[in-house]
Amino acid sequence: MAKKYWLMKSEPETYSIDDLERDKTTWWDSIRNYQARNFMTKEMKVGDDVIFYHSNATPPGAAGTGTVSNPAKVDPTQFDKKSDYFEKRASKERPMWFCVELAFKKKFKNLVSLEEMKEQKPLENMLILRKGNRLSITPLSKAEFEHLVKLGK
DNA sequence: GCCAACGTTGGC
DNA sequence: GCCAACGTTGGC
């Protein structure tokens, strides 16, 4: 299957592109949204390219790139009673939530702010720009991905 | 299976 | 801190 492209949101106060650069890879756990989960379990493949997006930031925007480095596995945080992400409906036999591993690729020299993205004709169909969109993982076209990389250089 | 209430996200 | 948008929950 052809390589896909994704945009993954994170609040930099929680986990930023700098954290990913330091860690090299991270498991994208604690996702509690069915649509995002289904992207991870059904559509994301090792080698897919990812835009790392800073939400709830000043300013919000695309901060860098990564790549999917491991396919979806069971998200361990759903079994941790002390975690905010504990899921009482889940069991080891029937886990509900999954996570992929993301590897650092590049930090953008220039953060591509949300404001800048809105001005870009080639990006006008991006889901992230749609008002009220809260989905933390969204698919991108190859052209959108490449345009963002160009702007970030 | 509908839908109102509620909680969360995220830009501003 | 406000509020619009949207997903989820739960009563019926």
Side-chain angles (χ1 to χ4, degrees), chain A residues 4-23 26-44 48-68 72-102 104-141 143-153:
Chain A
K4 292 198 168 82
Y5 300 87
W6 306 95
L7 182 145
M8 295 168 87
K9 288 198 259 191
S10 181
E11 301 192 12
E13 279 197 26
T14 308
Y15 200 85
S16 71
I17 189 77
D18 295 316
D19 294 320
L20 184 61
E21 182 168 22
R22 184 198 61 221
D23 294 345
T26 192
W27 286 99
W28 207 257
D29 62 17
S30 310
I31 299 294
R32 295 295 180 267
N33 171 284
Y34 290 107
Q35 247 183 300
R37 180 198 70 180
N38 292 343
F39 284 143
M40 290 198 288
T41 57
K42 297 195 163 87
E43 301 207 34
M44 291 176 95
D48 282 1
D49 280 320
V50 172
I51 294 288
F52 193 108
Y53 178 89
H54 283 172
S55 63
N56 255 322
T58 45
T65 56
T67 186
V68 177
K73 68 159 190 178
V74 172
D75 178 350
T77 64
Q78 69 194 302
F79 305 124
D80 179 1
K81 284 203 174 67
K82 293 190 290 288
S83 167
D84 286 345
Y85 298 100
F86 177 68
E87 174 60 70
K88 63 172 189 285
R89 295 169 294 177
S91 66
K92 301 268 180 184
E93 296 72 32
R94 290 191 161 208
M96 287 183 65
W97 304 111
F98 296 83
C99 51
V100 296
E101 189 189 55
L102 182 68
F104 177 76
K105 215 167 184 185
K106 228 173 199 162
K107 180 178 174 177
F108 284 162
K109 278 210 178 63
N110 309 301
L111 180 124
V112 185
S113 69
L114 179 62
E115 190 181 20
E116 195 180 346
M117 286 159 67
K118 284 176 180 165
E119 293 166 358
Q120 297 289 323
K121 194 79 178 155
L123 302 179
E124 66 185 355
N125 291 322
M126 272 178 61
L127 290 172
I128 191 86
L129 300 182
R130 287 239 291 268
K131 202 176 175 183
N133 173 57
R134 306 183 316 178
L135 193 55
S136 62
I137 300 176
T138 46
L140 292 178
S141 71
E144 287 164 349
F145 178 86
E146 286 171 355
H147 195 74
L148 282 167
V149 168
K150 197 170 71 186
L151 293 173
K153 272 188 181 149

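Quick note on labels: first sequence line is chain A, next is B, and so on, each numbered from 1.
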Carboxylate-amine/guanidinium contact A:Asp84 A:Arg32, below 4.0 Å: no
The single option from A:Phe79, A:Tyr34, A:Tyr85 that satisfies side chain to side chain contact (heavy atoms under 4.5 Å, CB included) with A:Trp97 is A:Tyr34
Hey, does A:Leu151 have a side-chain heavy atom less than 4.5 Å from the side chain of A:Asn110? no
Rounding to an integer number of Å, can you tell me how far A:Ile31 CD1 sits from C:dT8 P? 13 Å
Rounded to the Å, how far apart are A:Arg130 CZ and C:dG7 P? 11 Å
From the list A:Phe98, A:Phe52, A:Trp6, ring pair (Phe, Tyr, Trp, His ring centres under 6.0 Å) partner of A:Trp28 resolves to A:Phe52
Give a yes/no answer on whether the side chain of A:Arg89 brings an N or O atom under 4.0 Å of OP1 or OP2 in C:dT9. yes
How many whole angstroms separate atom OH of A:Tyr34 from atom C1' of B:dT9? 18 Å
Atom-pair distance (CD1 on A:Ile137; P on C:dG7), nearest Å: 15 Å
Atom OH of A:Tyr85 to atom P of B:dG7: distance rounded to whole Å? 17 Å
For a side chain to side chain contact (heavy atoms under 4.5 Å, CB included) with A:Arg22, tell me which candidate from A:Leu20, A:Asp18, A:Asp19 qualifies. A:Asp19
Just the table, please: protein N/O against nucleotides 10-12 of chain B N/O, every pair under 3.5 Å.
from: B:dG10; atom 1: OP1; to: A:Lys9; atom 2: NZ; distance (Å): 2.5
from: B:dG10; atom 1: OP1; to: A:Arg134; atom 2: O; distance (Å): 3.2
from: B:dG11; atom 1: OP1; to: A:Tyr53; atom 2: OH; distance (Å): 2.9
from: B:dG11; atom 1: OP2; to: A:Asn56; atom 2: N; distance (Å): 2.9
from: B:dC12; atom 1: OP1; to: A:Lys118; atom 2: NZ; distance (Å): 2.7

Whether A:Lys121 and A:Glu124 form a salt bridge (side-chain N of Lys/Arg under 4.0 Å from carboxylate O of Asp/Glu) is what I want to check. yes
Could you tell me the separation between the CG atom of A:Asn33 and the P atom of C:dA5, rounded to a whole number of Å? 19 Å
